[in-house]
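The figures here come from the full heavy-atom set of this structure, side chains too, leaving out hydrogens, waters and symmetry mates. Positions are given from 1 along the sequence. Ligands are counted one by one from 1 in listed order, and the atoms in each one are counted from 1 as well.
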Amino acid sequence: MVSNEFAIAIMAAGKGTRLKSKHPKVLHEIGGRALLLHVIAAAETVVRADHIFCIIGHESDRVRTAVAATGVQFVLQPEQRGTGHALQMLKADFELSGRPIPQHLLVLSGDVPLIRPETIAAVRDTHLREHAAMTILTAVPADPTGYGRVLRASADKPEVTAIVEQKSLRSDQLSAPEINSGIYCFETAALFARINALTTNNTHGEFYLTDIAAMLVAEGKRVVAIKADSVDEVLGANTIAEMMHLDAAMRLSTAHRLMAQGVTIFRPETCVIDAHVTVGPDTIIEPYVQLLGNTHIGSDSRIRSYSVIQNSRLGDNVLVRNGCILDTSEVANNAILGPYAHLRPESRIGEAAHIGNFVETKKTIIGRGSKANHLSYLGDAVIGDGVNIGAGAITCNYDGVHKHPTIIGDGAFIGSDSTLVAPVTIGAGSYIAAGSSITEEVPEGALALGRSRQTTKPGWVAARKAAAKQNTNS
Ligand code: UD1
Ligand code: CA
């Protein structure tokens with residue numbers, strides 16, 4: 001596409017009063033990602049990021065920071081005086097910067113996040129085919145209440161006569177079924193020629209972009225509507241409840257995408273899977289699993305119920321038993337976790353390693369085939385291959401001021417309930433006796449005992465009881 005032919009404006013300056021939230025609306029998340037990022041991702045499939053103009057205003061610094069990495073342009077709307085006013089700011093920005101004005105302008109709403117690239121392209125194509133001055137994306141949802149309504153000259157014709165906002169509907173228009181999605185394509189010149197003529201003579205006292213439709217029609221310009229294939233993709237997120245409806249729709253479609261790729265997801269409606277998670281074929285995801293953020297799971301793995309996996313990468317044939325929590329960690333092929341394992345950031349679990357119940361790891365590397373099956377804390381440790389960590393063994397990595405490393409060589413055997421006081425190195429193949437407190441380096445192949453000897457007093461209990469009885473009798 002010729003670079004100056006199309007640009008996209010995304011209206012994202014509003015506060016989102018109906019959310020009753022202190023955060024700007026377009027930064028609320030569905031599917032684990034800000035609304036605005038979803039819209040930008042869809043827009044980027046149609047034009048390059050530097051042809052996308054985000055109109056920001058409420059908490060503009062936060063919004064800008066949150067999406068800056070996408071490379072989009074920003075236009076400031078310092079006061080939010082309506083969608084028409086947002087586009088007035090865009091026009092002023094073009095004029096001030098001397099940037100070439102694109103021939104066509106697609107306008108998206110930052111709070112309509114499920115819009116699909118194909119649909120944006122369809123709006124563009126209809127616009128070009130119909131030689132329209134304005135093309136409006138519409139839908140007919142079960143309940144149109146709250147949306148602006150698109151009135152057509154005749155039900156079976158594309159021509160539109162006006163868009164009427166909910167609060168301005170006459171009683172005989174209240175049942176008008178076709179809603180305005182807030183997504184349009186304009187001839188930029190036709191829009192910019194009229195945008196400053198909008199007035200605020202309406203219930204909200206705002207400049208309505210939607211009024212442009214009737215203005216164009218009155219001047220004999222062509223305004224057409226195109227219906228979206230699915231209703232969900234044009235729904236807006238004005239309240240938390242609406243947002244959660246979209247979140248559920250998005251997650252269900254993510255689950256369906258994964259299932260189409262050979263992943264089994266039992267009861268997908270109970271799982272919380274973020275939009276960008278990837279999972280290999282023949283992996284099984286049980287009910288009530290959460291896969292969040294930038295998580296990748298290989299094939300032939302199984303994630304049992306109630307596990308929450310975030311920003312982590314798991315290999316093939318990994319078994320995550322019930323109730324595990326993984327954050328920013330890596331798990332190699334054939335490893336087994338849980339139940340109730342807790343992998344905190346920067347844990348790297350080696351191939352075929354086992355991390356069992358109530359074992360917590362943090363910034364720790366566990367080698368191939370090593371096992372820590374019960375009740376351990378392993379932090380700031382580098383653990384070799386084939387190591388056995390007994391129940392209750394703990395790395396004491398923190399002295400109250402600094403964190404210290406523990407190094408455990410290949411094949412070492414750490415007895416149950418040992419405390420390894422870091423910094424400390426345990427040589428390869430060495431044995432640590434159960435219950436030891438290890439404070440000094442253990443050389444390769446050594447046995448280290450760090451506990452006091454047991455003393456046993458035969459017959460002590462009977463003697464004590466006899467003495468006590470004599471005392472009460474006297
Ligand atoms: C708007 C439409 C309505 C349509 C609905 C679809 C108008 C007047 N009405 O209503 O016909 O059915 O969207 O979802 O356009 N924004 C700005 N600056 C502002 C005001 C809003 O950038 O001054 C942004 C908001 O951040 C939001 C988008 O524009 O992303 C739409 O604004 P919103 O107030 O949600 O409009 P609706 O009442 O939903
Ligand atoms: Ca809205």
Side-chain angles (χ1 to χ4, degrees), residues 8-19 21 23-28 30 34-40 43 53-60 62-64 67 74-90 93 107-115 134 136-141 143-151 160 162-169 173 176-184 186 191 195 198-215 225 228 231-243 245-246:
I8 293 185
I10 304 177
M11 300 182 291
K15 180 171 191 286
T17 312
R18 287 164 279 183
L19 288 177
S21 159
H23 307 296
K25 169 156 71 175
V26 294
L27 293 190
H28 276 257
I30 68 163
L35 297 182
L36 183 54
L37 283 172
H38 288 292
V39 179
I40 291 173
F53 298 85
C54 281
I55 303 165
I56 57 174
H58 178 70
E59 294 254 31
S60 60
R62 274 184 71 190
V63 177
R64 189 191 292 261
V67 307
F74 297 98
V75 171
L76 193 65
Q77 185 194 13
E79 277 181 287
Q80 291 78 57
R81 303 183 62 198
T83 47
H85 184 248
L87 277 271
Q88 289 173 2
M89 296 299 107
L90 180 72
D93 186 84
V107 175
L108 309 180
S109 286
D111 68 342
V112 181
L114 296 189
I115 188 67
M134 176 182 189
I136 306 159
L137 181 66
T138 69
V140 179
D143 178 10
T145 311
Y147 288 91
R149 274 1 120 64
V150 174
L151 307 179
V160 166
I163 305 175
V164 184
E165 289 307 298
Q166 170 79 35
K167 289 228 167 116
S168 310
L169 288 167
Q173 293 171 328
E178 190 168 4
I179 65 159
N180 166 29
S181 67
I183 291 170
Y184 322 89
F186 289 99
L191 172 68
I195 193 81
L198 289 173
T199 67
T200 57
N201 295 329
N202 54 54
T203 4
H204 290 110
E206 290 187 346
F207 295 101
Y208 288 168
L209 178 58
T210 46
D211 287 348
I212 292 284
M215 283 165 76
V231 171
D232 272 349
E233 69 173 313
V234 302
L235 294 182
N238 296 305
T239 63
I240 300 278
E242 283 175 359
M243 216 171 269
H245 175 75
L246 299 185

Original post:
From Met215 CE over to Ile195 CD1, what is the distance, rounded to the nearest 0.5 angstrom?
Top reply: 8.0 Å
**OP:** Check whether any N or O atom of Ser109, backbone or side chain, sits under 3.5 Å from an N or O atom of ligand 1, and answer yes or no.
**Re:** no
**OP:** Determine the sole option in Ile179, Asn180, Ile115 for which the side chain to side chain contact (heavy atoms under 4.5 Å, CB included) test with Leu137 is passed.
**Re:** Ile115
**OP:** Could you tell me whether some N/O pair between Gly182 and ligand 1 is separated by less than 3.5 angstrom?
**Re:** no
**OP:** Give yes if a backbone or side-chain nitrogen or oxygen of Thr210 is under 3.5 Å from a nitrogen or oxygen of ligand 1, and no if not.
**Re:** no
Original post:
Sub-3.5 Å donor-acceptor pair from the side chain of His85 to the main-chain atoms of Glu79, do we have one?
Top reply: yes
Subject >> Residue and atom name of the nearest protein heavy atom (relative to atom 29 (O) of ligand 1), distance in Å to one decimal >> reply: Met11 CB, 3.4 Å
Original post:
Out of Gly82, Ala86, Ala213, whose heavy atom is nearest to atom 19 (C) of ligand 1?
Top reply: Gly82
Subject >> Atom pair CG/OG of Leu209 and Ser109 - distance to nearest 0.5 Å >> reply: 8.5 Å
Original post:
By number and element, which atoms of ligand 1 are closer than 4.0 Å to a non-hydrogen atom of Lys25?
Top reply: 35 (O)
Original post:
Rounded to the nearest 0.5 Å, how far does CG of Leu169 lie from CG of Leu151?
Top reply: 7.5 Å
**OP:** Over all heavy atoms of both residues, which pair between Ala176 and Pro144 is shortest? Give the atoms and the distance, please.
**Re:** O-CG, 3.9 Å
**OP:** First locate atom CG of Leu246, then atom CG of Leu235, and finally report the distance between them rounded to the nearest 0.5 Å.
**Re:** 6.0 Å
Original post:
Under 4.0 Å from any heavy atom of Ser181, which atoms of ligand 1 are there?
Top reply: 6 (C), 14 (O)
Subject >> Non-hydrogen atoms of Pro24 and Arg62 that approach each other most closely >> reply: CD-NH1, 3.5 Å
**OP:** Would you indicate which of Glu165, Gln80, Arg18 comes nearest to atom 37 (P) of ligand 1 when only heavy atoms are counted?
**Re:** Arg18
Subject >> N/O donor-acceptor pair under 3.5 Å between His38 side chain and Ile30 backbone >> reply: yes
Original post:
Hey, does Asp111 come in under 3.5 Å of ligand 1, counting only N/O atoms on both sides?
Top reply: yes
**OP:** Determine whether the side chain, the backbone, both or neither of Asn238 has a heavy atom under 4.0 Å from any heavy atom of ligand 1.
**Re:** side chain
**OP:** Would you mind listing which atoms of ligand 1 come within a distance below 4.0 Å of any non-hydrogen atom of Arg81?
**Re:** 23 (O)
Original post:
Applying a 4.0 Å heavy-atom criterion (strictly less than), which segment of His85 is in contact with ligand 1: side chain, backbone, both, or neither?
Top reply: neither
**OP:** Please work out whether any backbone atom (N, CA, C, O) or any side-chain heavy atom from C-beta onward of His58 is under 4.0 Å from ligand 1, and answer side chain, backbone, both or neither.
**Re:** neither
Original post:
So which protein heavy atom does atom 4 (C) of ligand 1 come closest to, and at what separation?
Top reply: Asn180 O, 3.2 Å
Original post:
In Å and rounded to the nearest 0.5 Å, what is the CG to CG distance from Leu87 to Asp93?
Top reply: 12.0 Å
Original post:
With no hydrogens and no angle check, is any side-chain donor or acceptor of Tyr208 less than 3.5 Å from a backbone partner on Ile163?
Top reply: no
Original post:
Considering residues at least two apart in sequence or located in another chain, which fulfil the side-chain hydrogen bond (donor to acceptor under 3.5 Å, both in side chains) criterion with Thr203?
Top reply: none
Original post:
What protein heavy atom sits nearest atom 22 (O) of ligand 1, and how far away is it?
Top reply: Ala13 N, 2.9 Å
Subject >> Closest protein heavy atom (residue, atom, distance) for atom 18 (N) of ligand 1 >> reply: Gln77 OE1, 2.7 Å
Subject >> Selection from Gly14, Cys54, Gly236, Ala9 by shortest heavy-atom distance to atom 16 (N) of ligand 1 >> reply: Gly14
Subject >> Check: Val234 main-chain N/O paired with Ser181 side-chain donor or acceptor under 3.5 Å >> reply: no
**OP:** To the nearest 0.5 Å, tell me how far Asn201 CG sits from Glu206 CD.
**Re:** 13.0 Å
**OP:** Identify, by atom number and element, the atoms of ligand 1 in contact range of Gly148, meaning under 4.0 Å from any of its heavy atoms.
**Re:** 3 (C), 4 (C), 11 (O), 12 (O)
**OP:** Quick one: do Val67 and Phe74 satisfy side-chain contact (heavy atoms from CB on, under 4.5 Å)? Show the steps, please.
**Re:** CA-CA 10 Å; Val67 307; Phe74 297 98; 3.6 Å; yes
**OP:** Decide yes or no for Ile56 and Gln77: does some side-chain heavy atom of the first lie under 4.5 Å from some side-chain heavy atom of the second?
**Re:** no
Original post:
Protein N, O or S atoms at less than 3.0 Å from the Ca ion (ligand 2), how many?
Top reply: 2
Subject >> Option with minimal heavy-atom separation from atom 21 (C) of ligand 1, where the choices are Val234, Thr83, Leu235 >> reply: Thr83
Original post:
Any non-hydrogen protein atom below 4.0 Å of atom 7 (C) of ligand 1?
Top reply: yes
